[in-house]
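Fair warning: this is a prediction, and the values are worked out from it, not measured in the lab.
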Amino acid sequence: MRRTTICRSKQAALLALVAGLLGAGGLAPALAAQDTTQARPDTSTPAQDTSQAAPAPAPLGALPATHVVTTGETLWSIAQLYYSDPLLWPEIYRLNTSLIDDPHWIYPGEELSLAAGGVAQVPGQPTPGDTVHAVPAPDTVVAVAADTTALVDTAVVEPTEGYQTIFDRRRTATQEVRDVLRAYANQPYRPLRRGEFYAAGFLTEQQRLPYGRVLGNTSIPAIPRLTDRSTAITFDQISIQPPRSASYHVGDSLLIVRIDRDITGWGGVVVPLGVARVTELQRRQVLADVIMQFGRIHDGHLGLPLEPFKDPGEVRPTPVEGGLEGVVIAERDLHVLAGPQQIVFINRGRAEGVTTGDVFEVYRPAAGVPGTSSEQMQVVLQIVHTRDHSASGLILNIGHPKLVPGMPVRLIRKMPS
């Protein structure tokens, strides 16, 4: 019994000593109820430096040179801190490949470079004067078990409104469909596009144009050709012989065309085939790359200096009453029936005030004979190219597919001047 009494007295003394040490450390009394609503600080790691506030995301161009990694940080959170975008973490990893072996693992005390000219340093090296020591955000919870015999369920911290990632955005199928439909419905209006302008074609109006001649494709074919004629497509290099009265320079753009046929009183029908840009000058030829293609390009075709395109912007033509009248000259390409996106020439041009984007209507006037219809719309044309006394119209709508030269046309919508 005496031996048992001595052991119990030693245990009582030991418990008293532990209680005294806990009281000296400033902890709560053993008999006080534990507040489980707030996590207690982690005593296994050094205390954070709370004398410096957590830095706000630095504006672009004002980033510190380096950053010292603290407990709980990742490249994702550091990118959000300084670049305001967590998806830019590969940039930090790229600047610190000499220090970071695996971007999934960074360690407290490592000094990461944030600027392109900085160099990553290992822990223990002196810190520059502009180094920012980040501390965990106020809403960071570090959970520590109060009793080693029981585990504490750590709460999951929801991301704040300013720290969203692509994994946090959740859209329903209905929202995705609405976004797609909104993109189609809200497309910006363009009365005329660059490709429509260059691919339209025009009438020469009896003028002598400075034609160059395409000599052919400069690439050596992999399979021997059975004919001397070579063809070229987009990104191919072609050889062009300049006209005697003109010279080309590197960077000049040329319209590659063919002359389809002649129309009495209006000259030849110019059909564009593509656009080429001069890349090299030689003594008897120039080399050019095909950058746009509308048709088949081969040797024997012609080249013209490219006419500059003036973008009309997003303005819309306004309806007019009793607009300018004229007649159809011909179709650029011979078709039995008119179809959408075909080109039609009319006998009104820049001299009469016609501009690109104007809308004309080809119509069949009323015959006034019993049993016949009244005035009937045939096709609607949008002007895509103009000359002095003629214009090229793109067919938009079709009321009747029969279209013959001499049919009357009338301006129905005019572009603002």
Peer 1: Show every salt bridge (Lys or Arg N to Asp or Glu O under 4.0 Å) that has at least one partner inside residues 330-341, sequence neighbours left out.
Peer 2: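 Those involving residues 330-341 do not exist here.
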
Peer 1: If you look only at pairs with a residue in residues 309-324, which of them pass as a salt bridge (Lys or Arg N to Asp or Glu O under 4.0 Å), with sequence neighbours excluded?
Peer 2: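 Qualifying pairs: R190-E314.
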
Peer 1: Going by side-chain hydrogen bond (donor to acceptor under 3.5 Å, both in side chains), name the pairs with one or both residues in residues 337-349, residues two or more places apart or in two chains.
Peer 2: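 Qualifying pairs: none.
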
Peer 1: The test is side chain to side chain contact (heavy atoms under 4.5 Å, CB included); show your working for V380 and V359 and say whether it passes.
Peer 2: CA-CA 7 Å; V380 176; V359 179; 3.5 Å; yes

Peer 1: Roughly how far, to the nearest 0.5 Å, is the CD atom of Q376 from the NE2 atom of H400?
Peer 2: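 Spacing of NE2 (H400) from CD (Q376) equals 6.0 Å.
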
Peer 1: For D179, check side-chain hydrogen bond (donor to acceptor under 3.5 Å, both in side chains) against everything at least two apart and list the hits.
Peer 2: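 Here the qualifying residues are R171, R182.
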
Peer 1: Report yes if the side chains of K414 and P317 come closer than 4.5 Å at any heavy-atom pair, otherwise no.
Peer 2: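 They are not in side-chain contact.
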
Peer 1: Side-chain polar contacts of residues 262-279 - donor-acceptor pairs under 3.5 angstrom, sequence neighbours left out - could you list them?
Peer 2:
unit_1: T279; atom_1: OG1; unit_2: L287; atom_2: O; d: 3.2

Peer 1: Heavy atoms only: give me the nearest Y248-G303 pair and the separation to one decimal.
Peer 2: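 Closest approach of Y248 to G303, heavy atoms only: OH-O, 4.1 Å.
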
Peer 1: What closest approach, in Å, do Q241 and R284 show between heavy atoms, and which atom pair accounts for it?
Peer 2: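 Nearest pair, atom of Q241 first, then R284: CG-O, 4.1 Å.
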
Peer 1: Do R213 and L302 have side chains that approach each other closer than 4.5 Å (heavy atoms only, starting at C-beta)?
Peer 2: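 They are in side-chain contact.
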
Peer 1: What residues, two or more places apart in sequence or in another chain, satisfy side-chain hydrogen bond (donor to acceptor under 3.5 Å, both in side chains) together with T355?
Peer 2: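 In terms of side-chain hydrogen bond (donor to acceptor under 3.5 Å, both in side chains), with neighbours along the sequence ignored, T355 is linked to D358.
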
Peer 1: Within this structure, what is the OH-CG distance for the pair Y93 and L99, rounded to the nearest 0.5 Å?
Peer 2: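 Result: 11.0 Å between the selected atoms.
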
Peer 1: Residues in salt bridge (charged side-chain N to carboxylate O under 4.0 Å, His left out) with D299, at least two apart?
Peer 2: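 Residues passing salt bridge (charged side-chain N to carboxylate O under 4.0 Å, His left out) with D299: none at all.
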
Peer 1: Run T74 and W89 through side chain to side chain contact (heavy atoms under 4.5 Å, CB included) and show every step you take.
Peer 2: CA-CA 9 Å; T74 62; W89 67 265; over 6 Å; no

Peer 1: Quick check for you: to the nearest 0.5 Å, what is the distance between Y211 atom OH and L255 atom CG?
Peer 2: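 Taking OH in Y211 and CG in L255, the distance rounds to 10.0 Å.
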
Peer 1: Excluding sequence neighbours, so at least two apart, what forms side-chain contact (heavy atoms from CB on, under 4.5 Å) with A366?
Peer 2: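 So A366 forms no side-chain contact (heavy atoms from CB on, under 4.5 Å) with any residue.
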
Peer 1: Roughly how far, to the nearest 0.5 Å, is the CZ atom of F345 from the CD1 atom of I329?
Peer 2: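 Answer for the CD1-CZ pair, I329 versus F345, is 8.0 Å.
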
Peer 1: Does some side-chain heavy atom of D252 sit less than 4.5 Å from a side-chain heavy atom of V286?
Peer 2: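 No, their side chains stay 4.5 Å or more apart.
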
Peer 1: Name the orientation class of the two ring planes belonging to W105 and Y107 (parallel below 30°, tilted from 30 to 60°, perpendicular beyond 60°).
Peer 2: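 W105 vs Y107 ring planes: parallel.
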
Peer 1: Any heavy-atom pair between the side chains of V404 and V328 that's under 4.5 Å?
Peer 2: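 Heavy-atom side-chain distance check fails, nothing below 4.5 Å.
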
Peer 1: Would you check, one step at a time, whether the test side chain to side chain contact (heavy atoms under 4.5 Å, CB included) holds for L112 with I100?
Peer 2: CA-CA 9 Å; L112 305 181; I100 303 175; 3.9 Å; yes

Peer 1: Taking all non-hydrogen atoms of both residues into account, name the closest pair between F360 and L324 and its distance.
Peer 2: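 Distance-wise, the nearest heavy atoms are CE2-O, 3.8 Å.
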
Peer 1: Nearest 0.5 Å, please: how far is CG in D289 from OG in S253?
Peer 2: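 Rounded to the nearest 0.5 Å, the OG-CG separation comes to 11.0 Å.
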
Peer 1: How many angstroms lie between atom OH of Y363 and atom CD1 of I412, to the nearest 0.5 angstrom?
Peer 2: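 It comes to 11.5 Å.
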
Peer 1: Given side chains that start at C-beta, do those of R261 and L334 come closer than 4.5 Å, heavy atoms only?
Peer 2: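 Answer yes - side chains close enough.
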
Peer 1: Are I233 and V290 packed together at the side-chain level, in the sense that at least one heavy-atom pair is separated by less than 4.5 angstrom?
Peer 2: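 In short, these two side chains do not touch, never coming nearer than 4.5 Å.
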
Peer 1: Is it true that a side-chain atom of Q237 and a backbone atom of T218 form a donor plus acceptor pair closer than 3.5 Å?
Peer 2: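 No, because the side chain of Q237 does not come within donor-acceptor range (under 3.5 Å) of the backbone of T218.
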
Peer 1: Specify the closest pair of heavy atoms between T66 and E111, including all atoms of both residues, with the distance to one decimal.
Peer 2: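 Looking at all heavy atoms of both residues, the shortest contact is OG1-OE2, 3.2 Å.
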
Peer 1: If we only count heavy atoms from C-beta on, is the L403 to V344 side-chain gap below 4.5 Å?
Peer 2: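 Counting from C-beta outward, L403 and V344 do come under 4.5 Å.
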
Peer 1: Tell me the closest heavy-atom pair linking I238 and A232, and the distance in Å.
Peer 2: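 Between these two residues, the closest heavy atoms are CG2-CB, 3.5 Å.
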
Peer 1: Let me have the donor-acceptor pairs involving side chains of residues 382-396, under 3.5 Å, with sequence neighbours excluded, atom names and distances please.
Peer 2:
unit_1: Q382; atom_1: NE2; unit_2: P191; atom_2: O; d: 2.5
unit_1: H385; atom_1: NE2; unit_2: E307; atom_2: OE1; d: 3.0
unit_1: R387; atom_1: NE; unit_2: L203; atom_2: O; d: 3.2
unit_1: R387; atom_1: NH2; unit_2: T204; atom_2: O; d: 3.3
unit_1: R387; atom_1: NH2; unit_2: Q207; atom_2: OE1; d: 3.1
unit_1: D388; atom_1: OD1; unit_2: R350; atom_2: NH2; d: 3.2
unit_1: S390; atom_1: OG; unit_2: E205; atom_2: OE2; d: 2.6
unit_1: S392; atom_1: OG; unit_2: G201; atom_2: O; d: 2.7

Peer 1: Sequence neighbours excluded, which residues qualify as side-chain hydrogen bond (donor to acceptor under 3.5 Å, both in side chains) partners of S219?
Peer 2: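 Per chain and number, S219 pairs via side-chain hydrogen bond (donor to acceptor under 3.5 Å, both in side chains) with N217.
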
Peer 1: In the structure I gave you, are the side-chain heavy atoms of Y82 and L88 within less than 4.5 Å of one another anywhere?
Peer 2: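 With C-beta onward as the side chain, the pair stays apart.
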
Peer 1: Quick one: does any side-chain atom of Q378 pair with a main-chain N or O of K402 as donor and acceptor, under 3.5 Å?
Peer 2: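 Present.
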
Peer 1: For Q282, give me all partners under side-chain hydrogen bond (donor to acceptor under 3.5 Å, both in side chains), at least two apart in sequence or on another chain.
Peer 2: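 Checked Q282 against side-chain hydrogen bond (donor to acceptor under 3.5 Å, both in side chains); matches are E280, Q285.
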
Peer 1: Output all residues satisfying salt bridge (charged side-chain N to carboxylate O under 4.0 Å, His left out) with E176, sequence neighbours left out; order by chain, then residue number.
Peer 2: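 Checked E176 against salt bridge (charged side-chain N to carboxylate O under 4.0 Å, His left out); zero matches.
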
Peer 1: What pair of heavy atoms forms the shortest contact from L75 to I106, and how long is it?
Peer 2: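 Heavy atoms of L75 and I106 come nearest at N-CD1, 3.8 Å.
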
